[in-house]
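Notes for the one structure printed next.
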Amino acid sequence: MELTGKIKVLNDVQNIGSNGFRKREVVITTEEQYPQHVLVKFIQDKCDLLDSFDVGQEVKIALNLRGREWINPEGVAKYFNAIQGWRIELVNSEQPTPQIQTQQEPVSFLDEADNDLPF
């Protein structure tokens, strides 16, 4: 699945527990008639994908929906959902502006003092 929108919140990486688990959350605001603010989690090495993005940029995130069941001590099932991102890219990435080249004078690699060389 994919989600497109503007970055509203970009949190820092959180280290959870002593086993090295990392997560980073980003909130994306969709651009539709009724905009939605969707929290997407990036975990472990995927946290680093968010380093080059900033609040306000329009992005497209590839994501997976995760769900799990938990049985509480009374034996009642509870269900939890998570939206987990695994790729992010700019939607309208800015193309680099072409550099205008100015006319340069030709450069000689021979020193003017070397004019009396036989070749």
Side-chain angles (χ1 to χ4, degrees):
M1 298 182 76
E2 292 182 341
L3 174 68
T4 302
K6 287 190 178 178
I7 297 175
K8 180 177 182 165
V9 176
L10 184 59
N11 292 332
D12 292 331
V13 175
Q14 295 176 325
N15 295 304
I16 300 170
S18 59
N19 62 355
F21 183 81
R22 300 181 330 140
K23 77 173 183 177
R24 190 166 184 191
E25 298 173 334
V26 60
V27 176
I28 303 298
T29 302
T30 62
E31 295 180 359
E32 50 197 9
Q33 183 178 1
Y34 301 105
Q36 302 296 307
H37 306 286
V38 181
L39 176 73
V40 180
K41 295 179 186 181
F42 286 76
I43 63 169
Q44 299 300 78
D45 61 329
K46 301 299 183 190
C47 294
D48 300 333
L49 296 176
L50 298 173
D51 288 346
S52 59
F53 293 93
D54 292 312
V55 171
Q57 290 181 312
E58 188 174 2
V59 295
K60 178 170 59 172
I61 298 177
L63 51 87
N64 293 322
L65 294 177
R66 300 284 185 208
R68 66 181 182 91
E69 178 183 63
W70 175 68
I71 307 295
N72 71 12
E74 291 80 32
V76 178
K78 300 285 183 173
Y79 297 93
F80 298 91
N81 298 318
I83 302 171
Q84 192 174 63
W86 54 272
R87 183 179 64 212
I88 183 170
E89 59 188 42
L90 287 174
V91 170
N92 293 320
S93 61
E94 307 228 351
Q95 298 296 322
T97 55
Q99 297 290 328
I100 300 173
Q101 292 192 346
T102 57
Q103 194 73 356
Q104 295 183 355
E105 293 183 31
V107 177
S108 172
F109 293 102
L110 295 176
D111 189 11
E112 290 183 19
D114 293 337
N115 286 342
D116 51 310
L117 293 176
F119 50 79

If you link I, L, V, M, F, W and Y whenever their side-chain heavy atoms are under 4.5 Å apart, who else ends up in the same group as V9?
V27, L39
Joining Ile, Leu, Val, Met, Phe, Trp and Tyr whenever any side-chain heavy atoms lie under 4.5 Å apart, the cluster holding F21 also takes in I16, I43
Listed partners of [X] passing side-chain hydrogen bond (donor to acceptor under 3.5 Å, both in side chains), at least two apart:
X   : result
T4  : none
E74 : N72
D54 : none
R66 : Q84

Could you tell me which residues satisfy side-chain contact (heavy atoms from CB on, under 4.5 Å) with Y79, sequence neighbours excluded, listed by chain and number?
E69, A77
Taking side-chain contact (heavy atoms from CB on, under 4.5 Å) as the definition, give me every residue that meets it alongside L49, ordered by chain and number, with sequence neighbours left out.
F42, K46, I88
With a 4.5 Å cut-off on side-chain heavy-atom distances among I, L, V, M, F, W and Y, is there a chain of contacts connecting L65 to L3?
yes
Do you reckon W86 sits in the same ILVMFWY cluster as V91, going by side-chain contacts under 4.5 Å, direct or chained?
no
Could you note down all residue pairs passing salt bridge (Lys or Arg N to Asp or Glu O under 4.0 Å) where residues 32-42 supplies at least one of them, sequence neighbours left out?
none
Look up atom CG in N92 and atom CD in E58, then write down how far apart they are to the nearest 0.5 Å.
5.5 Å
Nearest 0.5 angstrom please: I7 CD1 to F53 CZ, how far?
6.5 Å
Option among H37, K6, K8 that satisfies the side chain to side chain donor-acceptor pair (under 3.5 Å) test with T29
H37
Applying salt bridge (Lys or Arg N to Asp or Glu O under 4.0 Å), name anything that partners [X], two or more places apart in sequence or on another chain.
X   : answer
E89 : K60
D12 : none
K23 : E25

Are the side chain of Q44 and the backbone N or O of R22 linked by a donor-acceptor pair below 3.5 Å?
yes
Specify the closest pair of heavy atoms between V40 and G85, including all atoms of both residues, with the distance to one decimal.
CG1-N, 3.5 Å
Between P35 and T30 the two heavy atoms that sit nearest each other are CB-O, 3.2 Å
